[in-house]
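Below, chain A is the first sequence line, B the second, and so on; all start at residue 1.
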Protein chains: 4
Amino acid sequence: MVKRIASSIKDKKLIERRRAELHKGAVQLFKEKGFHRATTREIAKAAGFSIGTLYEYIRTKEDVLFLVCDAIYDEVKARMENVIDTTATSEEALYQAVESYFQLMDDMQDEVLILYQEVKALPKDAQEYVLEKEREMLGMFEEVISNGFPNLLSPQEINLVANNLLIQGQMWSFRRWALQKDFSLEEYTNVQFQLLKSQLAHQAQQKGGTNDAAARSV
Amino acid sequence: MVKRIASSIKDKKLIERRRAELHKGAVQLFKEKGFHRATTREIAKAAGFSIGTLYEYIRTKEDVLFLVCDAIYDEVKARMENVIDTTATSEEALYQAVESYFQLMDDMQDEVLILYQEVKALPKDAQEYVLEKEREMLGMFEEVISNGFPNLLSPQEINLVANNLLIQGQMWSFRRWALQKDFSLEEYTNVQFQLLKSQLAHQAQQKGGTNDAAARSV
Amino acid sequence: MVKRIASSIKDKKLIERRRAELHKGAVQLFKEKGFHRATTREIAKAAGFSIGTLYEYIRTKEDVLFLVCDAIYDEVKARMENVIDTTATSEEALYQAVESYFQLMDDMQDEVLILYQEVKALPKDAQEYVLEKEREMLGMFEEVISNGFPNLLSPQEINLVANNLLIQGQMWSFRRWALQKDFSLEEYTNVQFQLLKSQLAHQAQQKGGTNDAAARSV
Amino acid sequence: MVKRIASSIKDKKLIERRRAELHKGAVQLFKEKGFHRATTREIAKAAGFSIGTLYEYIRTKEDVLFLVCDAIYDEVKARMENVIDTTATSEEALYQAVESYFQLMDDMQDEVLILYQEVKALPKDAQEYVLEKEREMLGMFEEVISNGFPNLLSPQEINLVANNLLIQGQMWSFRRWALQKDFSLEEYTNVQFQLLKSQLAHQAQQKGGTNDAAARSV
DNA sequence: GATGAATGAGGATTCATTCAT
DNA sequence: CATGAATGAATCCTCATTCAT
């Protein structure tokens, strides 16, 4: 499942270091000009090395984009894993997850935007790889939801709520023009929370269960 | 606010006809290869005329993209106006609007995808124009919501619910890989409805109002 | 067997004209710098058009080389066909053929040299095509020899004599440094003739045939 | 006339050893890809050392080619000197020389091919050096011919027969596609012998000399 | 109005060579 | 002596755009 980018450099540590520099420069550059308008020379410059050196660490321009996308998911995963307890049975776990996720999307706004706008520029197999990563994220949220509110939602509903949450986080980045002038991140998080709670609480009510977490929590 | 694409052709009818052909060919082509990978020659061919003729109806390649985007919004607007009654005070009006909108997003999946992936390739002023169109859409939904459920939600909440609905329609297209294998459009619409209703009903309940539409409707 | 080079130009006549210009410029250039050292821009310039125009008539740099090689064989074939009578049963026919061939090799010295030095730069399939052309040439000589001196030589001997003649013509070009300071073309032709005659005459003698053309002719 | 390739290494033995490795790897590589398509990195790898080390033993890529060409002539010379007696006055000496030479060309097919296809890639002065080597070879053959058959042929005829023999040996390599499917090396040698003898015998006959070696030998 | 040949700026990629370790 | 990371000039090719017919 892991996709490796070939490099003619032998020193593994060096590859890692250089690619981190590359990632940083490229994100900045892609944010400004987009992937297509950025030339390989500009990418090299932004990363702080020569065009020749750039090509010691990648094979094609598309590799740079993939490197960026891959690194984004690595960081998202790393940060979410620190925060999420997929076995916790409390509603708190869900809220905690959502809050952390929204915070993460706020921290990585530029990266998320790039992800949204440039994936289709990736070669087909890399696109597939990215989708797989998204599916992992989705699975994580589904788990948190179903653990937090067992027996409350149908699998289909869980799936949909997870999808909704996922893109609500991402839209904070790609619809910033619509949201960030009316909401602070805290407000955004709170209101989306409130609406989510309403959904769950009402569902719980419908089920009639009085000992139900969602119902109580409202 | 309306942006006009210059053309050296005088006959208005002809321009319209040609641009319709252009739109159709271009959408198909952009769906397959994306805007950047499509060459002007391919665009001309897909539209059924020569490269020389293409440039009689547009000035730059970006114009083609803008033409496509513009036409999308024109159609969205036309179809939504037929269906939406922004003055209706019934919850039904909202549900009606959402259902129509989701149906529209299903009909225009390819176009929506292009919109999502290629706007950043537009020149800045055209991007601004597209954002304005999105704002109009947003305003429309806000109106339907606030008319359907007066006094139920705060302006901020209305804004957020409208944004959520808008992208829920669009994600049916751009997350089709995650949604369309688990949902038919009808199912998708129904479940999202249900969740929306839950939100509104629960909000109504909180407000304690017994004469409230949302509360009754559940 | 015919290999076509793709072109985006529709006018067949134009293609032919332009490619003739291309051939002429390229031969001159390749003679001076060799194929590898010649840049595509230089090729375009030598042919009298822009780099963009060059690529309207070929797809890759290698195509230029193939075009040149192909044109060489076309001309060789055209000129030899005018001169050779493969059905003639006279020794004169052979001598006539050889003389014309040597003259041709003299006229096309630069082209022959290019052929010798650059074929291996062609893509595999084009190399195969060139070999096929050489085989045709070989067959032509074999026919002239066996018609000119029926029953004198074994097929193997015919094959070898044909090969010898073929490269004796070509070496006039590629070993010019060794030959052209000691021989005029006429001398070279005469001496090689004389040696060839000796071979045939002696073979005839060996066979004891007194009515044999080769024996008498000496 | 000897061209020295500069090296920064002091140890003469080491230089010689390294260059032998280099020669071996390079011939193999050039045979497969040709000189131009082979990169210096590939050359280094084929020789079994690093790119840095390669450049300790040569100064430019062309040096590698020259090294190869030079080594070829060294071996040709060494092997021919063992075999040829340029003072012998017997026809046998010539036949002996030719047979050995053809055998040598068979043994060094790949090298000969490289020589034919890549000399023009050498710098001008190196090309001159190679020509000089060829002239030496030519002189050797001329001597063997004129010693073997004194007074039989004019200097011009000797020159031409020598040239013919030389390239008949080489064409066994560069026209292998035409020859090696119809002839074994032995057959090729025998038939070319026979034809050569015919020439000489007939010449002798013409001269009327009855005590002549060539005439008797047939 | 329509056509398509011509243009050349621009961009991705390669690779011979160097030099610090 | 050996290594291999770094360099950037050089090169092939593409493609948006123009304009004469």
Side-chain angles (χ1 to χ4, degrees), chain A residues 7-11 14-15 18 36-45 48-64, chain B residues 7-11 14-15 18 36-45 48-64, chain C residues 7-11 14-15 17-18 36-45 48-64, chain D residues 7-11 14-15 18 36-45 49-64:
Chain A
S7 165
S8 58
I9 301 298
K10 301 185 172 178
D11 186 335
L14 189 54
I15 293 181
R18 287 275 190 256
H36 281 102
R37 274 202 259 276
T39 69
T40 50
R41 271 159 163 81
E42 288 171 326
I43 293 171
K45 194 179 206 178
F49 26 82
S50 72
I51 183 67
T53 301
L54 175 63
Y55 274 87
E56 296 277 343
Y57 294 92
I58 55 155
R59 257 222 263 281
T60 70
K61 192 187 171 193
E62 286 170 345
D63 280 353
V64 180
Chain B
S7 165
S8 59
I9 304 299
K10 302 278 175 269
D11 185 336
L14 187 55
I15 293 181
R18 288 283 198 234
H36 281 102
R37 276 202 257 275
T39 69
T40 50
R41 289 225 225 307
E42 287 171 325
I43 293 170
K45 194 177 196 182
F49 29 83
S50 72
I51 182 68
T53 303
L54 175 64
Y55 272 85
E56 298 281 338
Y57 295 91
I58 56 156
R59 266 219 215 301
T60 72
K61 190 187 172 192
E62 285 169 344
D63 281 352
V64 180
Chain C
S7 165
S8 60
I9 302 299
K10 300 185 174 178
D11 186 334
L14 188 55
I15 293 181
R17 181 148 43 90
R18 288 274 189 257
H36 281 102
R37 275 200 259 276
T39 69
T40 50
R41 269 166 165 79
E42 286 171 327
I43 294 171
K45 194 180 206 177
F49 25 82
S50 70
I51 182 69
T53 301
L54 174 64
Y55 275 88
E56 296 277 343
Y57 295 91
I58 55 155
R59 257 220 263 281
T60 69
K61 191 186 170 193
E62 285 171 344
D63 281 352
V64 181
Chain D
S7 164
S8 60
I9 304 299
K10 301 279 174 267
D11 186 336
L14 187 54
I15 294 182
R18 288 285 197 232
H36 281 101
R37 277 201 257 276
T39 69
T40 50
R41 290 227 228 304
E42 287 171 325
I43 293 170
K45 193 177 196 181
F49 28 82
S50 73
I51 182 68
T53 303
L54 174 64
Y55 273 85
E56 297 282 338
Y57 295 91
I58 56 158
R59 267 219 215 302
T60 72
K61 189 187 172 191
E62 285 168 346
D63 282 351
V64 180

Non-neighbouring partners of D:Thr60 that pass side-chain hydrogen bond (donor to acceptor under 3.5 Å, both in side chains), sequence neighbours left out: none

Nucleotide nearest A:Asp11 when distance is taken to its side chain, options F:dA5, E:dT3, E:dG1: F:dA5

By nearest-heavy-atom nucleotide on DNA chain F, the more 5' of A:Leu54 and D:Arg18 is D:Arg18

Atom CD1 of C:Ile15 and atom C1' of E:dA6 are separated, to the nearest Å, by 14 Å

Close N or O pairs between protein and nucleotides 17-21 of chain F (under 3.5 Å):
{"unit_1": "F:dT17", "atom_1": "OP2", "unit_2": "B:Tyr55", "atom_2": "OH", "d": "2.7"}
{"unit_1": "F:dT17", "atom_1": "OP2", "unit_2": "B:Lys61", "atom_2": "N", "d": "2.8"}
{"unit_1": "F:dT17", "atom_1": "O4", "unit_2": "B:Arg41", "atom_2": "NH1", "d": "3.3"}

By side-chain hydrogen bond (donor to acceptor under 3.5 Å, both in side chains), A:Thr53 pairs with (sequence neighbours left out) A:Ser50

With sequence neighbours left out, the residues meeting side-chain hydrogen bond (donor to acceptor under 3.5 Å, both in side chains) with B:Arg41 are C:Glu56

Atom-pair distance (NE2 on B:His36; C1' on F:dT14), nearest Å: 15 Å

For a quick test of reading the model, state the closest non-hydrogen atom pair linking C:Ile15 to C:Ile9 and the distance between them. CD1-O, 3.3 Å

Using side-chain heavy atoms (C-beta onward) and a distance below 4.5 Å, is A:Leu14 in contact with A:Tyr57? yes

First encountered from the 5' end of DNA chain F, between C:Thr53 and D:Tyr57: D:Tyr57

In whole angstroms, the gap separating P of E:dG10 from CD of A:Glu42 amounts to 12 Å

Can you check the C:Ile43 CD1 to F:dT11 P distance for me, whole Å? 12 Å

What is the ring orientation for C:His36 with D:His36, classed by angle as parallel under 30°, tilted 30 to 60°, or perpendicular over 60°? parallel

Who are the side chain to side chain contact (heavy atoms under 4.5 Å, CB included) partners of B:Ala44, not counting sequence neighbours? B:Leu54

Closest nucleotide of DNA chain E for C:Ile9 versus for D:Thr39: which of these residues is on the 5' side? C:Ile9

Heavy atoms only, 4.0 Å cut-off, all strands: where does A:Ala38 land among base, sugar-phosphate and nothing? sugar-phosphate

How would DNA chain F look in dot-bracket form, 5' to 3', counting Watson-Crick and G-U wobble pairs with both distances under 3.5 Å and writing | for bases paired to another strand? .||||||||||||||||||||

How many angstroms lie between OG in C:Ser7 and CZ in C:Arg59, if you round to the nearest 0.5 Å? 9.0 Å

Is the backbone N or O of A:Ile43 less than 3.5 Å from a side-chain atom of A:Lys61, with the two atoms forming a donor-acceptor pair by type? no

When all nucleic acid strands are considered with a 4.0 Å heavy-atom cut-off, which category describes A:Arg37: base, sugar-phosphate, or nothing? nothing

